[in-house]
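No hydrogens, no waters, no symmetry mates; every other heavy atom, side chains included, goes into these values. These numbers come from a predicted model, not from an experiment.
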Amino acid sequence: MRIHVADLDPRQYSDPDYLTNCGSFAIVARELNQGLKEIGAYSEPDDADCVGICDGLNMGFKYKDKKSFVINVWDMINVLPEELVNAARYHKQTIFGLSNQVTDLWKRYGISCSTVMPGCNTNFWMPTSSKTEQFTFLFNSFSNVRSGLDLALFSFCEAFHDDPDTKLIIKNTSSSIHLANMIQRIANDTHSNVSYIDQRMSFESIRYLYSCSHVSLNVMRHSSWGLNIHESAACGCLPVVGDFCPSNEMEVGVFLKPTKAIPIDSILKELVGLGLHDAYGNFSYREEPLFYDYDVDAYADLLKNIHRNWDAMSKLDFRPIIQRNWTWKKSAELLLKGLHA
């Protein structure tokens, strides 16, 4: 069987820097194709038996007369949009989850689904510099309402206010002036050392940020995976992650337990008011959608503990685990096995 995973981002046709800074769906597609080449199952789309995509919504994807599939992401604990489920049933789409969490959601609706775990290209994601003298925490994710940016900011400012020698870098691609102003105001009010980068950066630049930073903050309210957790760990930047599926399936990092699951609508207005992007849209659900909440005090205490015990924490090396268990070749093997089933 010959397989192709298509990248549908139109920016690839207009932006000469696209291959240096493309988004997560494109990364999954392009890296899976490399994994398929390793196992002899890749083809260009016109010659492929199966052509698929990684996407959150596009259940109607079809390439010519080829068998199609969608590797799906959906960032909620408990429920899928009715519109998404109905579209999958209408198109009779072959569906994979990008984690067991997503796969289990689809199975709750009686729809067949198997898991294609993502990998990490450790030939690229590796340390390229020494750590900065200034102890540095890094947040690198798009600032949507599930990203945990608010939690990272408030926890850091609680833990390290009036401490100019400890720094938080917030990196995302938001164009929200309101968010930038809110971050600056909160940092100023708490006398906290916070730097904000709101632009696309090349993968090489992000690799450098991971390499010179000490800790990567990845406590999300929900995610279907989170490629940057493995990438940061592979570069020697210690990830702090939420203790929920799929983050706790990754075998890397220091975990923070959620306090509870909460209705998204109960905090959505507050998060949007901070300038975070509402990533969920206007869909209908058979039950109230949930994601996670955390204790900011506990988060701050964890950050202080990591900082205080850095000599010991810095010896945690997750790179061998990633190289052994989280390759794109293994991901491609899972995809091929699922398509043969």
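With Q12 contributing its side chain and D9 its backbone, the two residues share a donor-acceptor pair below 3.5 Å. A donor-acceptor contact shorter than 3.5 Å is absent between the side chain of S213 and the backbone of V215. Checking side-chain atoms of S331 against main-chain N and O of T327 turns up a donor-acceptor pair under 3.5 Å. The main-chain N or O of N140 is found under 3.5 Å from a side-chain atom of N228 such that the two form a donor-acceptor pair. With hydrogens and angles ignored, the 3.5 Å screen pairs no side-chain donor or acceptor of S68 with any backbone N or O of K62. Judged by distance alone, with hydrogens and angles left aside, the side-chain atoms of D17 form no donor-acceptor pair with the main-chain N or O of S202 at under 3.5 Å. Counting only distance, with no hydrogens or angles, the side chain of D7 and the backbone of A26 share no donor-acceptor pair below 3.5 Å. A donor-acceptor pair is defined here as one N or O able to donate and one able to accept, closer than 3.5 Å; such a pair exists between the side chain of H178 and the backbone of G273. In this structure a side-chain-to-backbone donor-acceptor pair under 3.5 Å is present from K131 to S211. N193 places no side-chain N or O within donor-acceptor distance of the main-chain N or O of D163, the cut-off being under 3.5 Å.
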- Item | Trace of the salt bridge (Lys or Arg N to Asp or Glu O under 4.0 Å) decision for R2 with D47 | CA-CA 8 Å; R2 300 292 179 176; D47 298 319; over 6 Å; no

- Message: Walk me through whether F137 and F160 qualify under side chain to side chain contact (heavy atoms under 4.5 Å, CB included).
- Response: CA-CA 11 Å; F137 294 88; F160 301 108; 3.5 Å; yes

- Please walk me through it: do K64 and D46 pass salt bridge (Lys or Arg N to Asp or Glu O under 4.0 Å)? CA-CA 8 Å; K64 297 185 177 179; D46 284 348; 2.9 Å; yes

- Is there a side chain to side chain contact (heavy atoms under 4.5 Å, CB included) between F142 and L149 once you walk through the steps? CA-CA 9 Å; F142 179 64; L149 187 153; over 6 Å; no

- Query: Passes salt bridge (Lys or Arg N to Asp or Glu O under 4.0 Å), D293 versus R221? Steps please.
  - Reply: CA-CA 6 Å; D293 200 14; R221 295 187 183 275; 3.0 Å; yes

- Check the pair K257 / D243 against salt bridge (Lys or Arg N to Asp or Glu O under 4.0 Å), numbers first and verdict last. CA-CA 5 Å; K257 286 190 176 295; D243 191 0; 2.9 Å; yes

- List the steps and the verdict of side chain to side chain contact (heavy atoms under 4.5 Å, CB included) for L290 and I262. CA-CA 5 Å; L290 305 173; I262 60 171; 5.9 Å; no

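If you check the side chains of N21 and R11, you find a donor sitting under 3.5 Å from an acceptor. In summary, the side chains of T20 and E204 do not present any donor paired with an acceptor at a separation below 3.5 Å, with no hydrogens or angles considered. Side-chain contact, E82 with N86: no donor N or O sits under 3.5 Å from an acceptor N or O. Side chain to side chain, S174 and S176 fail the donor-acceptor criterion of an N or O pair below 3.5 Å. S223 and D75 form no side-chain donor-acceptor contact under 3.5 Å, judged by distance and modelled atom types alone. When only modelled atom types and interatomic distance are considered, T132 and T136 share a side-chain donor-acceptor pair under 3.5 Å. Using modelled atom types and a 3.5 Å distance limit, the side chains of T166 and Q134 yield no donor-acceptor pair. A donor-acceptor contact closer than 3.5 angstrom links the side chains of N309 and N305.
The CG atom of D189 lies 10.0 Å from the CD atom of Q184; values are rounded to the nearest 0.5 Å. Remark: N58 CG to L8 CG distance equals 6.5 Å, nearest 0.5 Å. To the nearest 0.5 Å, atoms CD1 (I183) and CZ (F139) are separated by 8.5 Å. In this structure, CH2 in W328 is found 10.5 Å from CG in N33, a value given to the nearest 0.5 Å.
Looking at heavy atoms from C-beta onward, Y210 lies in side-chain contact with L138 at the 4.5 angstrom threshold. Side-chain contact between Y109 and V79 is present, with heavy atoms from C-beta onward closer than 4.5 Å. Side-chain atoms of L217 and L168, non-hydrogen and from C-beta on, do get closer than 4.5 Å to each other. The closest side-chain heavy-atom distance from V28 to V5 is not below 4.5 Å. Under the 4.5 Å side-chain criterion, counting only non-hydrogen atoms from C-beta, I186 is in contact with C157.
One finds a salt bridge joining E287 and R108 here, because a Lys/Arg side-chain nitrogen approaches an Asp/Glu carboxylate oxygen to under 4.0 Å. Salt-bridge formation is not detected for the pair K66/D49: no Lys NZ or Arg NE/NH1/NH2 atom is positioned less than 4.0 Å from an Asp or Glu carboxylate oxygen.
For the residue pair A6 and V51, the shortest heavy atom distance occurs at CB-CG1, 4.3 Å. In plain terms, the two heavy atoms of M250 and H230 that are nearest each other are O-NE2, 3.1 Å. Between V145 and A279, the shortest heavy-atom distance links the atoms CG2-N, 4.1 Å. Residue A159 comes nearest to K304 through the heavy atom pair CB-CG, 3.5 Å, listed as atom of the first residue, atom of the second, then distance. Minimum interatomic distance between P127 and A234 (heavy atoms only, all atoms of both residues): CD-O, 3.5 Å. Nearest heavy-atom pair, L80 versus Y285, reported as atom, atom and distance to 0.1 Å: O-CD2, 3.6 Å.
Screening W74, Y292, F291, Y280 for a ring-ring contact (aromatic ring centres under 6.0 Å, His included) with H222, the sole residue that qualifies is Y292.
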For residues 113-121, which side-chain donor-acceptor pairs fall under 3.5 Å, sequence neighbours excluded?
{"residue": "T115", "atom": "OG1", "partner": "N100", "partner atom": "OD1", "Å": "2.8"}
{"residue": "T115", "atom": "OG1", "partner": "T103", "partner atom": "OG1", "Å": "2.7"}
{"residue": "N121", "atom": "OD1", "partner": "N123", "partner atom": "N", "Å": "3.1"}

Taking distance alone, no hydrogens or angles, what donor-acceptor pairs closer than 3.5 Å link side-chain atoms of residues 332-339 to residues at least two apart or in another chain?
none

